[in-house]
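Naming convention: chains lettered A, B, ... in sequence-line order (proteins, then strands); numbering from 1 in each chain.
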Amino acid sequence: KAGVTQTPRYLIKTRGQQVTLSCSPISGHRSVSWYQQTPGQGLQFLFEYFSETQRNKGNFPGRFSGRQFSNSRSEMNVSTLELGDSALYLCASSRDRDRGREAFFGQGTRLTVV
Amino acid sequence: AQSVSQHNHHVILSEAASLELGCNYSYGGTVNLFWYVQYPGQHLQLLLKYFSGDPLVKGIKGFEAEFIKSKFSFNLRKPSVQWSDTAEYFCAVNGIGTYKYIFGTGTRLKVLA
C-alpha cells in the first residue's frame, strides 16, 4: 500500500514568488491536513480538508491557501513568498473513520526561499 | 489555549538505559493522544496512540505511554533503549472530530552505542 506522496521533495524559490505543493493521500483516505515544520516553531497546523471542504484552518496569513480535489489529492499554495516561509511542509492523510484518528505523514516538501 | 509541552528538548542516553519523555497538554474537551517519531531523513511515524480505555498503551518497538488524566500528561517510556532509537519524538493531541493536531516542540534523543 503506497504511503502519502508529496511532490516535489525540494524547492528553491525567490522572495515574492508563489509556490504550489502537492499531496497524494493513501488510497481510500479522504482527509488531508497540512503542517509547517521549522526548527524554531516545530510543527504547526495549516489546514485540514475532507471531501473538498476545508474543515479547519491554522493561524497563518492569507498568503497560505489550499484545496482538495474530488480524488482527495490536495494542493497548498503560498503566494508572495517571504524568507520566513522556508520550512518543511508536511501533508498527512487519514481515513476519517478510525476511532483513533491516526494521521499518516508524507516525507514532506522542503521549501527554501532565497 | 490548546498546547502541548515536552519538557526535554535534548536527551542523551547510553544503550540499555531507561527512557522517559514527558508530555503535558492543555486542551478543552475529550482528546486523542499520540506519540510520533521522526528518524533521521524519514517521515513522521506513529509510535502509539490513546483514545480511550486502558490508560497504559503499548506501541511499536517496545515503547509505551501512560495517560494520566488528572495531570494532563502522556509520558513516553521504554525500559531499555537501543542505538536505533536515536530520533526526534513528538507528542501530539487532537480533539474528537478533527484532524487538527497540536504538536509539542519535540525531543531529540541520542542513544550512544
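- Side chain of B:Tyr101 to main chain of A:Ala103: a donor-acceptor pair is present (N/O by atom type, distance under 3.5 Å, no hydrogens or angles).
- Taking each heavy atom of A:Glu102 and B:Lys49 in turn, the nearest pair found is OE1-NZ, 3.4 Å.
- Most heavy-atom pairs under 4.5 Å with chain B, from the set A:Asn56, A:Val32, A:Val4: that is A:Asn56.
- Of the two parts of A:Phe50, neither the backbone nor the side chain holds a non-hydrogen atom closer than 4.5 Å to a non-hydrogen atom of chain B.
- Residue-environment remark: CZ (A:Arg15) stays at or below the threshold of 12 foreign heavy atoms within 6.0 Å.
- Heavy atoms of B:Leu46 lying under 4.5 Å from chain A belong exclusively to its side chain.
- Other residues, nucleotides and ligands contribute at most 12 non-hydrogen atoms within 6.0 Å of the CZ atom of A:Arg110.
- The hydrophobic cluster containing B:Ile68, built from Ile/Leu/Val/Met/Phe/Trp/Tyr side-chain heavy atoms closer than 4.5 Å, comprises no other residue.
- Within a 6.0 Å radius of CD1 in A:Ile12, no more than 12 heavy atoms belonging to other residues, nucleotides or ligands are found.
- The environment of A:Lys57 atom NZ is dense: over 12 non-hydrogen atoms of other residues, nucleotides or ligands sit within 6.0 angstrom.
- Within a 6.0 Å sphere centred on OH of B:Tyr27, heavy atoms belonging to other residues, nucleotides or ligands number more than 12.
- Taken from NE2 in B:His43 to CZ in A:Phe105, the straight-line distance is 10.0 Å, to the nearest 0.5 Å.
- The nearest pair of heavy atoms linking B:Phe90 to A:Gln37 is CZ-NE2, 3.5 Å.
- Within 6.0 Å of CZ in B:Arg108 there are 12 or fewer heavy atoms belonging to other residues, nucleotides or ligands.
- Options B:Gln45, B:Gln42, B:Gln38 differ in how many heavy-atom pairs under 4.5 Å they form with chain A, and the most are formed by B:Gln38.
- Of the atoms belonging to A:Leu90, it is side-chain heavy atoms, and not backbone ones, that fall under 4.5 Å from chain B.
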